[in-house]
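Here the structure is a predicted model, which is why all the values come from computation and not from measurement. Chain letters run A, B, ... following the sequence lines, proteins first, then strands; residues in each count from 1.
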There are 2 protein chains.
Amino acid sequence: MTNGSTDGITDGITIGQAAAFAGVTVKTIRHYHRYGLIDEPRRDSSGYRRYGSTDLLRLVQVRTLAGAGVPLAEIAAILDADPDRFAAALIDVEQQLTGRIDELIARRDMLQRLAGGDRALLPDRACALLDRMPGLGFTADDVTTVREALVLVRALVPEGFDNYLAQIERGLGDPRYVSLIQRCWRAGDWEPDDPRIDELAAALADHFLTDPSLLPVLTGLQDRDDGAIRYELLTHHGEDQKPAWARLTVLIEAHLCSAGIDITYQTPAD
Amino acid sequence: MTNGSTDGITDGITIGQAAAFAGVTVKTIRHYHRYGLIDEPRRDSSGYRRYGSTDLLRLVQVRTLAGAGVPLAEIAAILDADPDRFAAALIDVEQQLTGRIDELIARRDMLQRLAGGDRALLPDRACALLDRMPGLGFTADDVTTVREALVLVRALVPEGFDNYLAQIERGLGDPRYVSLIQRCWRAGDWEPDDPRIDELAAALADHFLTDPSLLPVLTGLQDRDDGAIRYELLTHHGEDQKPAWARLTVLIEAHLCSAGIDITYQTPAD
DNA sequence: CTGGGCCCTGCCCCAAGGTCAGGGTCAACC
DNA sequence: GGTTGACCCTGACCTTGGGGCAGGGCCCAG
């Protein structure tokens, strides 16, 4: 009785059925209606939407393009275009997809590099350097601080990074320099007015004067019009936690300056 | 005069400078503040944010993870976690990335298939079939209608699709059947009460009775509890544009039925 | 007549910011 | 000393592709 022949069925399917057939949600279909991707079908006496096979076909077409990542805003134009533009549009979309794929692969590579410990954000050469440090007597804290410094240098003066790295590598080959640097790390925990700081600054400045190539100079900083800002940020990194370092820096600068070497950065205008 | 020594500079950089150094926009930094990814730095007398090297370091770390596609909501937890969980989280994120890459590649492949004309949405075997049709005397409109029908069948009864396709392939090998089908296409433009329709229906039913294997039966439809709905949708596709087809369908069904073959679909409850 | 399963519309929500509005600060230039 | 342009502040609304919920209607079965 309820289905005399085909009445009520060939009249069209409801939105829920159409959604199930096309593999989308009811909400998605209504969304497509609002965007004009699918014409609103006729309504039955209850105001329900009734979809026919043609509507369903259109829905499947839209769904396929949307599922392929085509922005909804472009789908109507693509489906309603003549075959030539249809093909051209698809090629365009495909190229965008390729770009996004490449980008994601680059991200994944970056993450794989990140995953090898906290040694994030640095190229392999820098990681190798950090790996050598514990064997030379540096503590884990030391390594962390150096890593932070390297990250900062790379972010602030990328063009000088390789050079800076090379200088550190050479420095690690000089055992006396290494031991001085390690004393500097210890000095971080000293009181700012500890007399050993003066002593250490003198020794370090002396060593720099003996072998000026060890001076960590940031090449490329001078070419920046905001070089001074970057320099200040770098040299004073860590000083908020370790006030003794601030004094150490000042003393070393003073020693070198009185010996005729000015490593502080001057703005070009000065 | 304006920069006595380091005052006003070591005080920190502004948000715009920090953004430039980290390669993000000012808005992005403020966004990160609101999400608690970066602590708010101190403010100067004008209420401007002033960033120090530690803030900048954190910004670069956050930026690197965000740039790698890690959701902002997870970045704080990852950066503040111990190294073990840090590594685990990165592996997790990396796997998600791999999944998205594979998905995008699948989309691109789909698009490449789509780009070979409007022959969208169908597997290669179906496309090959459509390609053969013009050589057998079918018009472009015919091919379009068949393509639409195939898309619908595939969407509505995917498990019966291959079988359906095979039946059509066999049908194309029978020249007499092909010519009958082509008359059916022409019949779409006849008046619904054209007497040739009766004649055509009789001839077609006769041919089906001679070789019942040509009857396009949709296997799998009976296993669906909504099979009737799907059947109605499929058999009546195109009838809104071509009313003559509706009559043709009815007549053929009647002929076959009176010969003892009932191809209409009955609901199990009936 | 009442419950459950559909359907309707309209509103707010997500990520990761972009954009605009309206207003304050700073340094320099005329 | 006024103005200009670059920078900063907050807050509110926009985006994509829908998800979720509220409040109400329709219909079928017990």
Side-chain angles (χ1 to χ4, degrees), chain A residues 1-3 8-9 11-20 22-38 40-51 59 62-76 93 96 100 103 107 225-226 229 267 269, chain B residues 1-3 7-9 11-38 40-51 59 62-63 65-76 93 96 100 103 107 225-226 229 269:
Chain A
M1 263 311 182
T2 54
N3 78 0
I9 292 185
D11 211 28
I13 58 176
T14 68
I15 195 172
Q17 291 167 327
V24 299
T25 69
V26 168
K27 202 64 194 269
T28 299
I29 295 184
R30 287 203 270 250
H31 198 60
Y32 291 169
H33 283 316
R34 279 211 316 190
Y35 274 69
L37 291 180
I38 312 172
E40 284 277 357
R42 64 186 176 288
R43 307 284 182 125
D44 64 16
S45 58
S46 307
Y48 292 7
R49 294 178 180 86
R50 289 293 177 169
Y51 296 85
L59 173 58
V62 169
R63 182 60 233 168
T64 301
L65 285 177
V70 181
L72 297 194
E74 298 172 16
I75 289 181
V93 168
Q96 288 177 11
R100 275 177 49 192
E103 180 194 335
R107 286 181 175 183
D225 53 353
D226 56 359
I229 301 173
T267 72
Chain B
M1 259 315 179
T2 55
N3 77 1
D7 304 35
I9 292 184
D11 210 27
I13 58 177
T14 68
I15 194 170
Q17 290 168 326
F21 291 172
V24 298
T25 69
V26 169
K27 200 61 201 263
T28 299
I29 295 184
R30 288 203 269 249
H31 199 60
Y32 291 169
H33 284 314
R34 278 211 317 191
Y35 274 69
L37 291 180
I38 312 172
E40 284 277 358
R42 65 185 175 288
R43 307 284 183 124
D44 65 14
S45 57
S46 308
Y48 291 7
R49 294 178 180 85
R50 290 293 178 167
Y51 296 84
L59 173 59
V62 169
R63 183 59 231 166
L65 285 177
V70 180
L72 297 194
E74 298 172 16
I75 289 182
V93 168
Q96 288 177 12
R100 276 178 49 194
E103 180 195 338
R107 285 181 176 182
D225 53 353
D226 57 0
I229 302 172

Short side-chain N/O contact from B:S46 to OP1 or OP2 of D:dC8, under 4.0 Å: no
Candidates C:dC7, C:dC26, D:dG18 - which lies nearest the side chain of B:S45: C:dC26
Spacing between A:Q17 atom CD and D:dC27 atom C1', to the nearest angstrom: 14 Å
Short side-chain N/O contact from A:T14 to OP1 or OP2 of C:dG5, under 4.0 Å: no
Heavy-atom check, side chain of B:I13 versus side chain of B:R50, under 4.5 Å: no
Nucleotide nearest B:R63 (side chain, heavy atoms from C-beta), chosen from C:dG17, D:dC9, D:dT16: C:dG17
Contact nearer the 5' end of DNA chain C, comparing B:Y48 with B:A66: B:A66
For atom CD1 of A:I15 and atom C1' of C:dC6, their distance in whole Å: 11 Å
Any B:T25 side-chain nitrogen or oxygen under 4.0 Å from OP1 or OP2 of C:dG18: yes
Nucleotide nearest B:Y35 (side chain, heavy atoms from C-beta), chosen from C:dC7, C:dA15, D:dG17: C:dA15
Gap between atoms CD1 and P, on A:I29 and C:dC6 respectively (whole Å): 15 Å
B:D44 CG - C:dG24 C1' separation (whole Å): 12 Å
B:R49 vs D:dT10: side-chain N/O to OP1/OP2 distance below 4.0 Å: yes
Side chains of B:L72 and B:H31 in contact at under 4.5 Å (non-hydrogen atoms): yes
From D:dG18, D:dC8, C:dG17, nucleotide with atom closest to B:V26 side chain: D:dC8
Atom pair distance, as rounded to whole Å: CZ in B:R50 and C1' in D:dC7: 11 Å
Pairwise side-chain contact, B:E74 with B:L65, heavy-atom cut-off 4.5 Å (strictly under): no
Spacing of A:R34 atom CZ relative to D:dT15 atom C1', expressed in whole Å: 13 Å
Interatomic spacing from OG1 in A:T28 to CD1 in A:I15 - rounded to 0.5 Å: 9.5 Å
Minimum side-chain heavy-atom gap A:Y51-A:Q17 below 4.5 Å: no
Shortest side-chain distance from B:R30, nucleotide among D:dC9, C:dT9, D:dG19: D:dC9
Nearest-nucleotide 5' precedence on DNA chain D, B:E40 against A:L72: B:E40
Nucleotide nearest A:K27 when distance is taken to its side chain, options D:dG19, C:dA16, D:dT16: D:dG19
Interatomic distance where CD belongs to A:E74 and C1' belongs to D:dT15 [whole Å]: 15 Å
Phosphate OP1/OP2 of C:dT25 contacted by B:R43 side-chain N/O (<4.0 Å): no
